[in-house]
Amino acid sequence: MIRVQQEDFDIGAEIARLRAGRTDIGAIVSFTGSVRDQSGEVTDMTLEHYPGMTEAELQRIEAEAQARWPLQASLIVHRFGALMPGDNIVLVVTASEHRDAAFDAAKFLMDYLKTGAPFWKRETGPGGARWVEASAHDEASAARWTKTEARC
Amino acid sequence: MIRVQQEDFDIGAEIARLRAGRTDIGAIVSFTGSVRDQSGEVTDMTLEHYPGMTEAELQRIEAEAQARWPLQASLIVHRFGALMPGDNIVLVVTASEHRDAAFDAAKFLMDYLKTGAPFWKRETGPGGARWVEASAHDEASAARWTKTEARC
Amino acid sequence: MRLLYFAWVKEKVGVAAEEIDPPAGVATIAELIDWLKARGPEFENAFARSEVIRAAIDKRHVRHDASIAAAREIAFFPPVTGG
Amino acid sequence: MRLLYFAWVKEKVGVAAEEIDPPAGVATIAELIDWLKARGPEFENAFARSEVIRAAIDKRHVRHDASIAAAREIAFFPPVTGG
């Protein structure tokens, strides 16, 4: 399941909803990304996105993870709008019988989301506002999943 | 921080406590392991452990993770005693500025915990009770961290 | 067709969206970028480093050699920075 | 010294803990296992596949060639299955 929203999310409640009434899940991995103040360099942040394409991309990425790993459930929640240091940005949750699938799928979802989901961060600090630059490391992290060897 | 306890834990509350008041954390990974019914093969489970050594091992494993990755916080909570399918067994949480460290450290903690922490699972099912056999896969998962190449 | 701009591409061109009707010779994203750059200094500036500009046709990522023939909505934006 | 047994090792030997005083020639974990096996069929049975038995001295994992000279507490148990 995917959601794109302005409001905050509750990690514990999201995980509880995902596993409610189930006794077949052995492993749940959650990833939460949040705004870092970067030693005072960031006072606030605005996340712009491309409504419609964002949802389509997140659904595509989630379907890809479901096809690659035996997931029992998965969730992506991504926020947009005005955020402060410490605020949540993104939540990814994966559930599987075994931990490797849950870990790998969560990592994959984050790597792909970082390079594919149409979000743009604009940070404000003491020196003014600036659009965050994309990271070459993120491109490399996403590329590692396209190798035949599946991981790393 | 590590805790060994009979009572359940609250994933959301544990994560909230770990990050409370902090604006420098960028990535939080949680792993939750729970009892699987394995299609009715498991009706309940008892987790025995070695009090004293369990705490020492978990502390050693956590210190090793802190030495290997730039973690801002970490937590291991492991339960013992009588458990039912769907019940939580273990929680690992790692926080870092960047997601790779948080993911890798959480995976490392689970791999090492699985082969080093003195817990033994006894499952009861329709055919009676049996001690769970250790998995060769878990040994291999732990061994991958001892290679010089760090991962995989 | 409808054009959308996001993030600093939007700031530089000065609009979020517009309707355009490029001539028949403009067949790919790359050719569309060249055509846009000729429309004025704000486009020239926004697309100056065209290799860093990402494009989507009807809400799917495409490369610069993609055909725009069937496109209803084309978006231009910087490399994404979510997550 | 104090011996502790866990999981199916404990079930097979029939006690959780005991005080022992092995002879001076028993210097390693492996030699202690051999000495224990000679104490009776329940020990013979518990330690039959001694290669799968894990040991800890004073709450630290050790190999079977570890010296027990300074040990106050020695534990025997199957491979761990937590997590």
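Because the structure is predicted, anything quoted here is derived from the model rather than measured. Order of the sequence lines sets the chain letters (A, B, ...), proteins ahead of strands, with each chain counted from 1.
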**Message:** So which residue, A27(B), A13(B), G33(B), S30(B), ends up with the most heavy-atom pairs under 4.5 Å with chain A?
**Reply:**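 Result: the option with the highest number of such pairs is S30(B).
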
**Prompt:** If you count heavy-atom pairs under 4.5 Å with chain A, which of Q38(B), E97(B), R99(B), R19(B) comes out on top?
**Reply:**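 Of the candidates given, the most pairs with chain A belong to R99(B).
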
**Prompt:** What part of S141(A) is in contact with chain B, defined as an atom under 4.5 angstrom from a non-hydrogen atom: side chain, backbone, both or neither?
**Reply:**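 Contact with chain B is through the side chain of S141(A) alone.
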
**Prompt:** Where on D10(A) is there a heavy atom nearer than 4.5 Å to chain B: the side chain, the backbone, both, or neither?
**Reply:**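 Contact with chain B is absent: no heavy atom of D10(A) under 4.5 Å.
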
Only pairs of heavy atoms separated by less than 4.5 Å count here; which of [options] has the most with chain B?
| options | answer |
| --- | --- |
| I15(A), V93(A), I11(A), D24(A) | D24(A) |
| G86(A), A102(A), S34(A) | S34(A) |
| P85(A), S39(A), G26(A), G21(A) | G26(A) |
| K114(A), R36(A), M84(A) | R36(A) |

What I want to find out is whether [X] reaches [Y] closely enough, with some N-O distance under 4.0 Å, to be called a salt bridge.
| X | Y | value |
| --- | --- | --- |
| D104(B) | K107(A) | yes |
| D100(A) | R144(B) | yes |
| E14(B) | R3(B) | yes |

**Criterion side-chain contact (heavy atoms from CB on, under 4.5 Å) against L83(B), the qualifying member of L47(B), V42(B), N88(B)** =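 Going through the options one by one, the only one that passes is L47(B).
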
**Prompt:** Does the separation of the ring centres of F103(B) and F31(A) fall below 6.0 angstrom?
**Reply:**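 They qualify: ring centres under 6.0 Å apart.
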
**Message:** Using the ring centroid of each side chain, check whether Y50(A) and W120(A) are separated by less than 6.0 Å.
**Reply:**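 No, the ring of Y50(A) stays outside the 6.0 Å limit from the ring of W120(A), centre to centre.
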
**Contacting moiety of A106(B), where chain A heavy atoms sit under 4.5 Å** =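 Both parts, backbone and side chain.
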
**Request:** Under 4.5 Å heavy-atom distance to chain A, tell me which part of V35(B) shows up: side chain, backbone, both or neither.
**Result:**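 Contact with chain A: backbone only.
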
**Asked** Side chains of Q72(B) and S96(B): do they bring a donor and an acceptor to under 3.5 Å?
**Response**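 Judged by distance alone, the side chains do not pair up.
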
